[in-house]
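A quick write-up on the structure given underneath.
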Protein chains: 4
Amino acid sequence: MSPTGGRPRDPAIGAAVLAATIELLREDGYTGFALEKAAVRAGTTKAAIRRRWPVRQRLVIDALASVLVTPPTPDTHCTRCDLQQSVELLAEALDTRLPQGVLAPLVAECAADPELHRHLLTALVEPSRSAAEVAVRRAVDRGDLRPDTDPGLVVDLFASVVYQRALLGTAPLDRAAARRLTDLLLRGVAVDFDRLVEISRLPAAHRHPQSTTRS
Amino acid sequence: MSPTGGRPRDPAIGAAVLAATIELLREDGYTGFALEKAAVRAGTTKAAIRRRWPVRQRLVIDALASVLVTPPTPDTHCTRCDLQQSVELLAEALDTRLPQGVLAPLVAECAADPELHRHLLTALVEPSRSAAEVAVRRAVDRGDLRPDTDPGLVVDLFASVVYQRALLGTAPLDRAAARRLTDLLLRGVAVDFDRLVEISRLPAAHRHPQSTTRS
Amino acid sequence: MSPTGGRPRDPAIGAAVLAATIELLREDGYTGFALEKAAVRAGTTKAAIRRRWPVRQRLVIDALASVLVTPPTPDTHCTRCDLQQSVELLAEALDTRLPQGVLAPLVAECAADPELHRHLLTALVEPSRSAAEVAVRRAVDRGDLRPDTDPGLVVDLFASVVYQRALLGTAPLDRAAARRLTDLLLRGVAVDFDRLVEISRLPAAHRHPQSTTRS
Amino acid sequence: MSPTGGRPRDPAIGAAVLAATIELLREDGYTGFALEKAAVRAGTTKAAIRRRWPVRQRLVIDALASVLVTPPTPDTHCTRCDLQQSVELLAEALDTRLPQGVLAPLVAECAADPELHRHLLTALVEPSRSAAEVAVRRAVDRGDLRPDTDPGLVVDLFASVVYQRALLGTAPLDRAAARRLTDLLLRGVAVDFDRLVEISRLPAAHRHPQSTTRS
DNA sequence: CCATAACCGAGACGGTACGTCGCGTCTTGAT
DNA sequence: ATCAAGACGCGACGTACCGTCTCGGTTATGG
């Protein structure tokens, strides 16, 4: 697998290319990103880049991964605070550290190739979720969240809201929005959940508009 | 603004181009989409297309809008069912009707131009959300959801989870997943929400691991 | 065949490209010739060149043809002079007007494609031969050369000697060499041609070393 | 000059490279010939080839020389036959043994470097001419050709016509063509050579169209 | 009624990036 | 010192779209 003979690769080149890639993504966006520019900026050539990343998407993924580090959510013994901060950290990682408008087209392009898609998930998505997932799991263990809580689903909700906000360009999740989101997930929106479940099990004919209001 | 004299546009061309665009997006994805191919497929020329859509992104937006119709969620007098179905309909619209992997890069490219971005939101995003928003608002009016519920936030959660699932290629939100999502939002995950709020208002020093477990 | 619609080609571009091609061939030789350099020098782009000459060899052929003009050999009523001058004019055309070392690789590359090869012959070779062929034919008509003379063969000899000199880099056929060549062809080298023919018809056994010297 | 110590060169490599070079030239032509392919075909590496032939043209020259052997023209005591056969042998050597369309671009590329050019002449051109030159000289000695005959010039004519035929793709000099060429050179084309010389020495004014026909 | 004006088809124009390939050089580790 | 292996900077290749433009011809309405 690993080449026995031959001139070894210059490790400086790989690093320079990653750095140049990030810079260019930040300047020109994803579609404006050109391999040739990256080569020039990194002081090397297209061929040298292709040797390391035969597929351009891999290069972009690795470049993003090199700047996307999500610090672990600190344990404050306050579930509400922990979860709020998890959302904020996630939002900060995606909105601030990553170049704008890169993740979306990248993911779309990777959708076709399964291997590429897997690499993207493991290199970019999973790490950014893990901090939040740890916090949720901690809250469950602490007894603050119901024992049947699916941490993955909760983090999905955190992550996807953050993602969509960034994607659709609405205001980037501030502290107040993070609180509203967290509280909504903690508390739920139903006035009486059990009653709603009960109704949903009735045959359709027995449901009446007024019946939903408890007598 | 509108031309007074001159030869009127052939209305068939516009429709043919939209249809060809959808086909090509489905076949080649967003980056593989070429204006010239669309012209050939529609039996016309680049120039004729450009006269109608000077900016390519507008063409793609309009083409997507022409196939993205979200039917209104029917009122079954069962809030739980209604919300579930809203999620499912949303998922179905985004996953099935739209070509895969087109929306994401499109949004990313539109992010720069505010006008383009606004058009995209109003032409694509808003319509697909409105059905769900109506259902949520109905449930609030019915008294099933707490009166302080923010319908927009709830729909955001529905929409973003649908979007992320579709985008990241996780399983495309089947019926069971829709139920789990709905129930989670209705019921919340906290064992005792008020207590968590209380704790979060204490100074950090007074929080202890054991204190979160109610005596 | 001829395009009915469309923006007409800028004729200046074609001319500029031919001129640039000649210049570059003169500077860098055939193998050093690059389409991209020609585009830059002509103030245009590769694509514009390819529209006119999809095959690079065609471009080179046409460029050479644009500078290779062999003036008709003037009639001096002196066969010996005419032929000498034909050779000299031919040599001058090939050695002086054409860039050095271009014709040879060009011909070699065209050998594979019959159509290309035909174009090369008609565009470059035939014109340069015709002047000499006219002169030879005139000499036959005048009665100075034997009536059974094959003008094509004679011109072949002229042309090929000129070509080989240019090719192999031996001194470029000066006036004296042209005279020697012409006289050799006019006079022949045999002491007694008829006798040599006679001998060649004998059975091999009857030929003796001494027998060739006339008694 | 010659290395004293170190690992000795594997003599098999040189031979394998020459053979591979000939094969590839025959398959891909001169411009299609790539050093890397030759290395692979010969079961070795570029570096090993470069050690032996630092300049690629040298490799091609040596490869061609390894297959270009012109057997001596046998002495049949028939000048006409000998010369004919010289031409045929020459044609056969150049047309059959050498890969097509290689010599021309090679010569063109070598034209720049004098040393390279000299090597090419001595390694390829001279040997193929020598057999014919011996035959011509023999005919002079035998008294069949005029004593003032320049053997080099005669061979030049033979060789160049062969070369041009092969190069320009006209029929590859069959037996009949060889005879016509030989006879033309032996006999000349002038009806009365001495008279043509006489005329050429007159002032231009004294030449008249009718004067060339002897009364 | 016919001129104006916008349409349509066709296609050339200058750009720019793509991915591939070969060059000639250099750097390893091992024989 | 040679060998196999392969990275390196360089630069040209041919392909494909982009967005713009220039045509000749067509089709409506408004002076």
Side-chain angles (χ1 to χ4, degrees), chain A residues 3-14 31-40 42-52 54-56, chain B residues 2-10 12-13 31-40 43-52 54-56, chain C residues 3-14 31-40 42-52 54-56, chain D residues 2-11 13 31-40 43-52 54-56:
Chain A
T4 116
R7 172 175 174 174
R9 289 191 180 159
D10 182 346
I13 290 182
T31 54
F33 173 73
L35 215 56
E36 296 193 313
K37 293 185 206 161
V40 170
T44 180
T45 60
K46 275 196 300 178
I49 297 183
R50 286 210 114 74
R51 243 168 257 127
R52 293 163 174 78
V55 178
R56 59 184 292 120
Chain B
S2 71
T4 98
R7 172 176 175 174
R9 289 191 178 157
D10 182 346
I13 290 182
T31 56
F33 172 74
L35 215 56
E36 297 194 311
K37 293 186 205 163
V40 170
T44 181
T45 59
K46 273 196 306 177
I49 298 183
R50 280 213 122 66
R51 241 168 260 128
R52 292 162 175 78
V55 178
R56 59 184 285 115
Chain C
T4 115
R7 172 175 174 173
R9 289 191 178 160
D10 182 347
I13 291 182
T31 54
F33 172 73
L35 215 55
E36 297 196 312
K37 292 185 206 161
V40 170
T44 182
T45 59
K46 275 197 300 178
I49 298 183
R50 287 208 113 74
R51 247 170 253 129
R52 294 163 173 77
V55 179
R56 60 183 292 120
Chain D
S2 72
T4 94
R7 174 175 172 174
R9 286 190 180 162
D10 181 346
I13 289 182
T31 55
F33 171 74
L35 214 58
E36 296 193 309
K37 294 186 205 164
V40 170
T44 181
T45 60
K46 274 197 305 178
I49 298 183
R50 276 212 128 62
R51 240 167 261 128
R52 293 163 173 78
V55 178
R56 59 183 284 116

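Residue numbering restarts at 1 for every chain, and letters A, B, ... go by the order of the sequence lines.
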Problem set entry | Gap between atoms CD1 and P, on I49(A) and dC8(F) respectively (whole Å) | 11 Å
Between the protein and nucleotides 28-31 of chain E, which nitrogen or oxygen pairs are less than 3.5 angstrom apart?
unit_1, atom_1, unit_2, atom_2, d
dT31(E), O2, R7(D), NH1, 3.0

Exercise. Backbone N or O of R51(C) within a donor-acceptor pair of the R9(C) side chain at under 3.5 Å?
Worked result: yes
Exercise. At how many degrees, to 10°, do the end axes of the helix from dC1(E)-dG31(F) to dT31(E)-dA1(F) meet when each uses five pairs?
Worked result: 10°
Problem set entry | Closest heavy-atom pair and its distance - D10(D), R52(D) | O-NH2, 3.1 Å
Exercise. Minimum heavy-atom separation for I49(D) to L35(D), with atom names?
Worked result: CD1-O, 4.1 Å
For this session: Examine dA5(E): is either OP1 or OP2 under 4.0 Å from a nitrogen or oxygen in the side chain of R9(B)? Give yes or no.
Result: no
For this session: Summarise how protein sits on nucleotides 11-18 of chain F as a single string, 5' to 3': B when a protein heavy atom is under 4.0 Å from the base, S for sugar-phosphate-only contact, - for no contact.
Result: -SSBB-SS
Exercise. dA10(E) C1' sits how many Å from I13(B) CD1, rounded?
Worked result: 13 Å
Exercise. So, is T44(B) close to the dC8(E) phosphate, meaning a side-chain N or O under 4.0 Å from OP1 or OP2?
Worked result: no
Exercise. Do the side-chain N or O atoms of T45(D) get closer than 4.0 angstrom to the phosphate oxygens (OP1, OP2) of dC3(F)?
Worked result: no
For this session: Among the candidates dG14(E), dC8(E), dG9(F), find the nucleotide nearest to the side-chain atoms of A48(B).
Result: dC8(E)
Exercise. If you look at every heavy atom in K46(B) and A39(B), which pair is closest and at what distance?
Worked result: N-CB, 3.6 Å
Exercise. Atom CG of D10(C) to atom C1' of dC21(F): distance rounded to whole Å?
Worked result: 12 Å
For this session: First locate atom CZ of R50(B), then atom CZ of R56(B), and finally report the distance between them rounded to the nearest 0.5 Å.
Result: 8.0 Å
